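From a predicted model like this one, the values you see are computed outputs, not experimental measurements.
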Amino acid sequence: MPKRILQGTVTSNQNAQTVTVLVERRFKHPVLQKTIRKSKKYRAHDENNQYQVGDIVRIQECAPKSKTKRWEVVAQA
């Protein structure tokens, strides 16, 4: 099964080798047909601490690296 790749904005880089990425998705409400924005935060592994708050990055699923990290930064978008 292929690994999922998501795109989002870095909201925090306080922890060593970790960034928090806010991923937003848009979809139509099934009944009201109104476009809805939902967002979720993912903690991703950043090996060289090279990404700053505000950067738009792509993250990819990986094997668990810690209790909360299951994603890694692939590249800057």
Side-chain angles (χ1 to χ4, degrees):
M1 190 159 90
K3 296 180 179 181
R4 288 182 291 171
I5 296 177
L6 301 175
Q7 182 173 325
T9 307
V10 175
T11 57
S12 172
N13 62 352
Q14 295 288 317
N15 300 323
Q17 296 187 342
T18 304
V19 291
T20 303
V21 180
L22 182 77
V23 176
E24 184 181 279
R25 65 186 188 97
R26 293 171 177 231
F27 62 95
K28 278 201 176 219
H29 188 281
V31 176
L32 302 177
Q33 298 301 310
K34 178 180 177 179
T35 302
I36 298 174
R37 293 169 37 182
K38 287 240 181 191
S39 60
K40 186 174 179 181
K41 288 184 178 180
Y42 295 92
R43 292 169 57 78
H45 186 68
D46 174 17
E47 185 70 39
N48 301 320
N49 294 319
Q50 62 187 18
Y51 299 104
Q52 302 299 318
V53 175
D55 290 349
I56 297 173
V57 296
R58 291 184 190 276
I59 58 174
Q60 174 178 300
E61 278 183 308
C62 66
K65 297 201 182 280
S66 73
K67 181 181 174 184
T68 57
K69 285 198 289 188
R70 272 94 176 111
W71 296 82
E72 59 191 0
V73 179
V74 178
Q76 194 163 356

(Q) Counting C-beta onward and ignoring hydrogens, is there a side-chain heavy-atom pair between Q17 and E47 closer than 4.5 Å? (A) yes
Q) Out of curiosity, does L6 fall in the hydrophobic cluster containing V19 (side-chain heavy atoms, cut-off under 4.5 Å, transitive links)? A) yes
Q | R58 atom CZ, over 12 foreign heavy atoms within 6.0 Å | A | no
**Q.** Steps toward side-chain contact (heavy atoms from CB on, under 4.5 Å) verdict (Q52, N13)
**A.** CA-CA 6 Å; Q52 302 299 318; N13 62 352; 3.2 Å; yes
Q. In this structure, are over 12 heavy atoms from other groups packed under 6.0 Å from Q14 atom CD?
A. no
Q.
Hydrophobic cluster membership, with links at side-chain heavy-atom distances under 4.5 Å among I/L/V/M/F/W/Y: are V73 and V23 in one?
A. yes
Q) Going by atom types only, do K41 and T11 share a side-chain donor-acceptor pair under 3.5 Å? A) no
Q) side-chain hydrogen bond (donor to acceptor under 3.5 Å, both in side chains) with E61: which residues, sequence neighbours excluded? A) R4
Q: Heavy atoms only: give me the nearest A16-N49 pair and the separation to one decimal.
A: C-OD1, 3.9 Å
Q) Can V21 be reached from Y51 by stepping across I, L, V, M, F, W or Y side chains whose heavy atoms are under 4.5 Å apart? A) yes
Q. NE2 of H29 to CD1 of I36: how many Å apart, nearest 0.5 Å?
A. 5.0 Å
Q. Applying the side chain to side chain donor-acceptor pair (under 3.5 Å) test to H45, which of K69, K65, E72 qualifies?
A. K69
Q. Any idea which heavy atoms bring N15 and R43 closest together, and the distance?
A. ND2-NH2, 3.2 Å
Q: Identify the two heavy atoms, one from R26 and one from T35, that lie closest to each other, and give their separation to 0.1 Å.
A: CB-CG2, 4.3 Å
Q | Atom pair CD (Q7) and CD (Q76), whose distance is rounded to the nearest 0.5 Å | A | 10.5 Å
**Q.** Reported CD1-to-CD1 distance for the pair I5 and I59, which is rounded to 0.5 angstrom
**A.** 10.0 Å
